[in-house]
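To keep things clear, I will list the structure first and then write my remarks on it.
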Amino acid sequence: MQSSPSLHSIAVCFPMPLNGYTSSTVQINLRRLSQLNHLKAFTCFAQNSFGASFNSISLTEASQSFTSLIQLCTEEKSSIDVGKIQTHMIKSGFYLNIGNKLMDAYVKCGRVKDARQVFDELPNKHIVTWNSMISSYTSLKRSKEAIGLYERMVLEGVLPDEYTFSRVFKAFSDLGIVLEGRRAHGLSVVLGLEVLNVFVGSALVDMYAKFGKLRDARLVMDRFVKKDVVLFTALIVGYNQHGEEGEVLQVFGKMINEGIKANEYTTASILISCGNLKDPRKGKLVHGLAIKSGFESAVASQTSLLTIQMIRISIIPNSFSLSTALQACSKLAKLEEGRQIHGIATKLNLDTDKYVSVALIDMYGKCGNTEMARSVFDALIEFDVVSVNSMIYSYAKNGFACEALELFNTMKDLVLEPNDVTFLNVLLACNNAGLVEEGCRIFASIHGAVDMAERVVNRALELAPEDERTYALLSKHCASSGNWNQFIEVKSAMKEMKLKKISAMNSVDIKKDVHTSKAEYWSHQKCEKISEMLVELIEKVKKYGFYS
DNA sequence: ATAGGGTTAG
């Protein structure tokens, strides 16, 4: 055996015969002491010893040492070493006993193909083996393969258990396969696994919610006797993502009533709902409740998170809570609070986080502070389409058309592919600055934009024929493509159906008070003064030739 | 031996 100095010293200080117990203990200790070189050397030494003396150690010992070796390789993500161990296992006849662990090691090293090969070679697969393989596919979002395995196991007469179902529902929801998802739900009911296990339940609720079938999601949850916070949160998230703020609050209230405390997952969703409600008072109430129920037992820290109403929460915020809090700030026009959250984000080194930074750029952009938006943008280490789009939007919204176009042109140098939002923002920039030619040129460069708009509108009419937004979209499209006859048709159809576009609302933060105004609806106590001022402003703008 | 819910641009 070729011996390095450390290998040699280990061999010398280790006179007793190596077995599974001793080897795993030594390995774990070396690891704990961060003696990685020694660990490597010892592992090599142990492998060589095992290779020579397999016959003399018991089955349990060998399994244990293999298990611990596999575990080490997994932690180090060293698939090459997993391969070496596999060879040893096959040689010594231990392959089948702990094949599942080996499979798992391959998965964790990112070698799914090898894992699958081990899986296929294992005869008489245990339910856990099936579940692990399915799980490795779902965790990599390879949902088709996960479902394929699920279907195969059912065909082979292996009954799925609660672990299988909780993952398989996820795969169905990922792919949006409603019918098959329902069928699997049916099987779980027949097998008596549906309402007994919250893991199955939350996966089911999540699946139906992602299908947009909130009623089914609700029915599943209502059937549970012993609910937990995850089950509730899955439903809350579902309602939240479908814009059902009222239901969010209702389910949230139910959760509190049943004595279940919210956690940061729940609060993230509640915060977004509060923002979407556009009702600072109600938002404040619910937010306060969320905090009270969720965080009174939370770990104390020096940092405080300032949100919708500067409420202090004694937990360390992460990128999730910061970005949701910022989202709420920008929707409720809470610039001051947004600034303070920015400060906290900087302190925590989270201001360059993918999600937090976009929320910051968006917040500053919406509040008219393009400079701050840009400084957040400039501090980014990596750009992606979303961050660039947000910056373009900030420019566009605040009238900096040249800067918006310049950034748009730089996207090519950054090897970033513009998407629909990019074009929308760039066109918005042209629109705001009256750059008609530039706008037309860019619009013409988008592949079949007018045709696509028509297809989209028709599809929207199929999917949501009674949604006033669909008609608003359609009428806008007709107008923009110059199809005035159809425009009149759409408008009269809207009249007949008594559909009216929901008025836009605008909020602004002045000296920590949020003032809200609505198109064609004057309710502000100083509305007379405001309209006087408006007339004045319009006169001024006319003088400069900017008003037609 | 295996497991669940959250954050980005208009």
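Each chain gets a letter, A, B and so on, in the order its sequence line appears, and its residues count up from 1. This structure is a prediction, so every number in the text was calculated from the model and none was measured.
For B:dT7, neither phosphate oxygen OP1 nor OP2 lies less than 4.0 angstrom from any side-chain nitrogen or oxygen of A:Q327.
Summarising the geometry, the separation between CD1 on A:I127 and P on B:dA1 is reported as 16 Å, rounded to the nearest angstrom. The CG atom of A:L326 sits 20 Å away from the P atom of B:dG6 (whole-angstrom rounding). At whole-Å resolution of the value, CZ in A:F377 and P in B:dT8 are 19 Å apart. Atom CG in A:N419 sits about 16 Å away from atom P in B:dT8, given to the nearest Å. Atom CD1 of A:I270 is separated from atom P of B:dG5 by 18 Å (rounded to the nearest Å). In this structure, the CD1 atom of A:I236 is 20 Å from the P atom of B:dG4, given to the nearest Å. In this structure, A:Y106 atom OH and B:dA1 atom P are separated by 23 Å, rounded to whole Å. If you measure from atom OH of A:Y364 to atom P of B:dT8, you get 19 Å, rounded to the nearest angstrom.
Checking B:dG10, B:dT2, B:dA1 against every side-chain atom of A:D161, the shortest atom distance belongs to B:dT2. Closest to the A:V386 side chain, of the nucleotides B:dG5, B:dA9, B:dT7, is B:dA9. In this structure, the nucleotide among B:dG10, B:dT8, B:dG5 sitting nearest to the side chain of A:K366 is B:dG10. Of the candidate nucleotides B:dT7, B:dG10, B:dG5, B:dT7 has the atom nearest to the side chain of A:F320. Of the candidate nucleotides B:dT7, B:dT2, B:dG5, B:dG5 has the atom lying nearest to any side-chain atom of A:D206. Candidate nucleotides B:dG10, B:dA3, B:dG4 were compared by shortest atom distance to the side chain of A:R167, and B:dA3 ranks first. Nearest nucleotide to the A:Y265 side chain, out of B:dT7, B:dG5, B:dG10: B:dG5. Nearest to the side-chain atoms of A:N389 among the listed nucleotides B:dG5, B:dA3, B:dA9 stands B:dA9. Comparing B:dT7, B:dT2, B:dG5 by their nearest atom to the side chain of A:V230 picks out B:dG5. If you check B:dG5, B:dA3, B:dT2 against the side chain of A:N197, the one that comes closest is B:dA3.
Residue A:S390 is in sugar-phosphate contact alone, with no base atom involved, counting any heavy-atom pair closer than 4.0 Å across all strands shown. Across all strands shown, A:Y393 has heavy atoms under 4.0 Å from sugar-phosphate atoms exclusively, and none from any base. At the heavy-atom level, A:V200 lies nowhere under 4.0 Å from the strands shown. Among the atoms of the strands shown, base atoms are found under 4.0 Å from some heavy atom of A:V198. A:K101 comes within contact range of no nucleotide atom at all, as no heavy-atom separation falls under 4.0 Å. Within the nucleic acid shown, A:V421 comes within 4.0 Å of at least one base atom, counting heavy atoms only. A:D362 comes within 4.0 angstrom of the backbone, heavy atoms only, and of no base. Contacts of A:S357 with the nucleic acid, taken as non-hydrogen atoms under 4.0 Å apart, are absent. If you check every strand for non-hydrogen atoms under 4.0 Å, A:T324 touches sugar and phosphate atoms only.
A distance-only check finds a donor-acceptor pair linking the side chain of A:S132 to the backbone of A:V128 [under 3.5 Å]. A:N389 places no side-chain N or O within 3.5 Å of a backbone atom of A:N425 that could act as its donor or acceptor partner.
Checked against a 6.0 Å centroid threshold, the rings of A:Y364 and A:H342 count as neighbours. Aromatic ring centroids of A:W130 and A:F119 lie under 6.0 Å apart. Aromatic rings from A:F252 and A:F232 are positioned such that their centres are separated by 6.0 Å or more.
A salt bridge links A:R142 to A:E145: one of the charged nitrogens lies within less than 4.0 Å of a carboxylate oxygen. The pair A:K213-A:D216 does not count as a salt bridge, with every side-chain nitrogen at least 4.0 angstrom from each carboxylate oxygen.
Below the 3.5 angstrom threshold, one finds a donor paired with an acceptor across the side chain of A:D228 and the base of B:dG4. A donor N or O paired with an acceptor N or O is not found under 3.5 Å between the base of B:dA9 and the side-chain atoms of A:D420. Within 3.5 Å, no donor on the side chain of A:N240 pairs with an acceptor on the base of B:dG6, nor the reverse.
Stacking of the aromatic ring of A:Y163 onto the base of B:dT2 is found: the ring centres lie under 5.5 Å apart and the planes are inclined by under 30°.
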